[in-house]
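Taking it in order: structure first as C-alpha cells, then the write-up.
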Amino acid sequence: MKISTKTNLFGVLGDPIAQSLSPDLHNGLFETYHINGLYLPIEISSENLGDLVTGIRLMDFKGFNITKPHKLEILPYLDEIDLTAKKIGAVNTVVCNCGKLKGYNTDGFGFIKSIEPKLREKKRSDLKVLILGCGGAVKAVAISLAEWGVKEIVIANRTLEKAEILVEQINRIWPGKSKAIPIEPDFLEKNIHEADVLVNGTSIGMANAPHQTPINKELLHKNLLVYDMIYNPEKTQLLCDALEKGASVENGLEMLLYQGLLAFELWTGVFPNPEIGRAYLKKGLKKDE
Ligand code: NAP
C-alpha cells in the first residue's frame with residue numbers, strides 16, 4: 001500500500017510498547033482488506049499522554065488502541081465513552097470521528113469469545129470462576145463474565161483492596177455474584193476446589209520470568225479449564241502444570257485476537273476473518289522469537 005496524505009492513521013499507545021503484536025495484526029489486516037491504513041506502535045509516558053492526544057487530533061488519526069499503563073489515564077482526554085467501557089471503567093480502543101474521540105473496551109469481548117468454545121459443554125449459569133490478579137485487564141474480564149451470566153466470580157489479588165473494590169462494583173449490579181480473597185494458599189485451596197475455570201490475570205509467568213507461576217501446581221485439578229491471559233510464552237509454567245494435572249488449557253492469544261478484530265470493525269466497519277487475523281499474530285510472535 002502506498003503511503004500518502006490519504007493514508008488513514010492508527011496506532012497503539014503504551015509504555016513499553018515494543019512487544020505489542022497489534023501492529024502485526026492491524027497492518028496485516030489493512031493489506032488483506034485493501035484498506036489504505038497504517039498502524040504505528042507509539043511509546044508514550046503518562047506525563048506526555050495529553051500532548052500526544054492533541055497531536056493525534058491534529059494529525060487526524062482515525063483510531064487508536066491504548067494499552068498498559070494508560071487504559072484508565074486516557075479517560076479524561078476523550079469526548080465520549082461507550083456504555084460497556086463505562087461499566088468496566090477502562091478504555092482500550094478509541095474511534096476518532098470528525099475530531100470527536102469515543103472510547104470503547106474490547107478486552108471483555110475478546111476474553112468471552114476466546115473462552116466460549118472451551119465451555120460449550122457446561123451450563124453457563126453453573127460456572128464458578130477463580131481469577132488471579134486484579135489489574136486493568138481483569139476488570140474487563142470479571143465484568144464481562146458477570147454480564148455473560150456465570151454463577152460466581154472469586155477474585156484473588158496480592159493487593160486485596162483492589163479486588164474488594166472490583167467485587168463491590170460487580171455486586172452492585174449483580175448482587176452476591178463476586179467475592180474477594182487474598183492470593184494465599186489456604187484461601188486458594190478452598191476456592192479452587194469448587195472452581196470450573198481458573199484465570200491467570202497476573203503478570204506472573206511472562207517471557208521475562210517464564211518459570212514463575214502464580215499458584216502451586218498441587219492445587220490444580222483435572223476438572224479445571226486453566227486460562228492464562230499471557231500469550232508469550234505460548235505455554236506458561238502454569239499451563240504446563242495444568243496439562244500435567246490433566247486440566248484443559250488456553251492461553252491469551254485468542255483474547256488478543258478478538259479484542260483486535262472488534263477494534264478493527266469499530267474503525268473500518270469490517271469484522272475480519274479470525275483465521276486471517278490469527279495467522280498475522282502468529283507471524284508476529286515468530287518474528288519476536
Ligand atoms: P496490571 O494492571 O499491571 O496488573 C498486574 C496484576 O498482576 C495485578 O493484579 C498485580 O497485583 C499482579 N501481580 C504482579 N506481580 C505480582 C506478584 N509478584 N505476585 C502477585 N501478584 C502480582 O496488568 P494488566 O494489564 O491487567 O495485565 C495482566 C496480565 O494480562 C499480563 O500478563 C498481560 O500480559 C495480560 N493481558 C493479556 C491480554 C490479552 O489480550 N491476552 C490483554 C491484557 C493483558 P497487585 O494489584 O497487587 O499489584
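In this chain, residues are counted from 1 in sequence order.
Taken from CG in Leu238 to OG1 in Thr202, the straight-line distance is 8.5 Å, to the nearest 0.5 Å. Rounding to the nearest 0.5 Å gives a distance of 9.5 Å between CG of Leu253 and CG of Asn232.
Nearest heavy atoms, Thr236 versus Gly205: CG2-O, 3.7 Å. Closest non-hydrogen pair, Ile181 versus Asn191, comes out as CD1-ND2, 3.6 Å. In this structure, Asn105 and Ala85 approach most closely via the heavy-atom pair N-CB, 3.6 Å. Residues Glu73 and Pro76 share a closest heavy-atom pair of O-CD, 3.1 Å. Pairing each heavy atom of Gly277 with each of Leu257, the nearest pair is C-CD1, 3.5 Å. When every heavy atom of Ile143 is checked against every heavy atom of Lys87, the shortest pair comes out as CD1-O, 3.4 Å.
In the displayed structure, Leu83 atom CG is contacted under 6.0 Å by at most 12 heavy atoms of other residues, nucleotides or ligands. Atom CD of Glu116 is surrounded by more than 12 heavy atoms from other residues, nucleotides or ligands within 6.0 Å. In this structure, Glu234 places its CD atom where only 12 or fewer heavy-atom neighbours from other residues, nucleotides or ligands lie under 6.0 Å away.
Side chains of Asp241 and Gln237: a donor on one and an acceptor on the other come within 3.5 Å. When only modelled atom types and interatomic distance are considered, Asn200 and Asp228 share a side-chain donor-acceptor pair under 3.5 Å.
Between Asn157 and Leu166 there is no side-chain heavy-atom pair separated by less than 4.5 Å.
Listed by first and then second residue, the ring pair (Phe, Tyr, Trp, His ring centres under 6.0 Å) pairs that reach into residues 100-141 are Phe111-Tyr227, sequence neighbours excluded. Among residues at least two apart or in separate chains, salt bridge (Lys or Arg N to Asp or Glu O under 4.0 Å) pairs with a member in residues 254-272 are Glu254-Arg278. Counting only residues at least two apart or in different chains, ring pair (Phe, Tyr, Trp, His ring centres under 6.0 Å) contacts with residues 51-98 are absent. Each salt bridge (Lys or Arg N to Asp or Glu O under 4.0 Å) pair with one or both residues in residues 203-216, not counting sequence neighbours, would appear here, but there are none. Pairs engaging residues 174-210 under the ring pair (Phe, Tyr, Trp, His ring centres under 6.0 Å) rule: none recorded [sequence neighbours left out]. Counting only residues at least two apart or on different chains, no salt bridge (Lys or Arg N to Asp or Glu O under 4.0 Å) pair has a member in residues 148-162.
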In sequence, state the C-alpha distance, the side-chain angles, and the governing distance for Lys62 and Asn97, and then conclude on side-chain hydrogen bond (donor to acceptor under 3.5 Å, both in side chains).
CA-CA 7 Å; Lys62 296 293 180 265; Asn97 194 359; over 6 Å; no
Decide salt bridge (Lys or Arg N to Asp or Glu O under 4.0 Å) for Asp79 and Lys102; before the verdict, give the C-alpha distance in whole Å, the side-chain angles of both, and the deciding distance to 0.1 Å.
CA-CA 6 Å; Asp79 301 299; Lys102 181 167 180 180; over 6 Å; no
I would like to know whether Ile192 and Ile215 meet side chain to side chain contact (heavy atoms under 4.5 Å, CB included); could you show each step before the answer?
CA-CA 10 Å; Ile192 204 168; Ile215 188 163; 3.6 Å; yes
Report the C-alpha distance between Ser45 and Asp15 in whole Å, list the side-chain angles of each, state the deciding distance to 0.1 Å, and finish with yes or no for side-chain hydrogen bond (donor to acceptor under 3.5 Å, both in side chains).
CA-CA 6 Å; Ser45 65; Asp15 188 14; 5.6 Å; no
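A side-chain donor-acceptor contact under 3.5 Å links Ser178 to the backbone of Ile153. Side-chain atoms of Asp196 do not come within 3.5 Å of backbone N or O of Asn223 as any donor-acceptor pair. At distances below 3.5 Å, not a single donor-acceptor pair connects side-chain atoms of Asn48 with backbone N or O atoms of Ile44. Judged by distance alone, with hydrogens and angles left aside, the side-chain atoms of Gln259 form no donor-acceptor pair with the main-chain N or O of Thr106 at under 3.5 Å. Judged by distance alone, the side chain of Lys217 and the main-chain N or O of Cys240 form no donor-acceptor pair under 3.5 Å. Proximity of a side-chain donor or acceptor of Tyr280 to a complementary backbone N or O of Gly28 within less than 3.5 Å is detected. Between the Arg124 side chain and the Gly149 main chain, no donor and acceptor come within less than 3.5 Å of each other.
We find that Glu80 and Lys100 are not joined by a salt bridge, their nearest charged nitrogen and carboxylate oxygen being 4.0 Å or further apart.
Residue Phe264 forms a side chain to side chain contact (heavy atoms under 4.5 Å, CB included) with just one option from Phe271, Phe30, Tyr39, Phe10, and that option is Phe30. For the side chain to side chain donor-acceptor pair (under 3.5 Å) with Lys71, the lone residue among Asn92, Asn65, Asp107 that qualifies is Asp107. Each of Ile131, Leu130, Leu119 was scored for a side chain to side chain contact (heavy atoms under 4.5 Å, CB included) with Val197, with one residue passing: Leu119.
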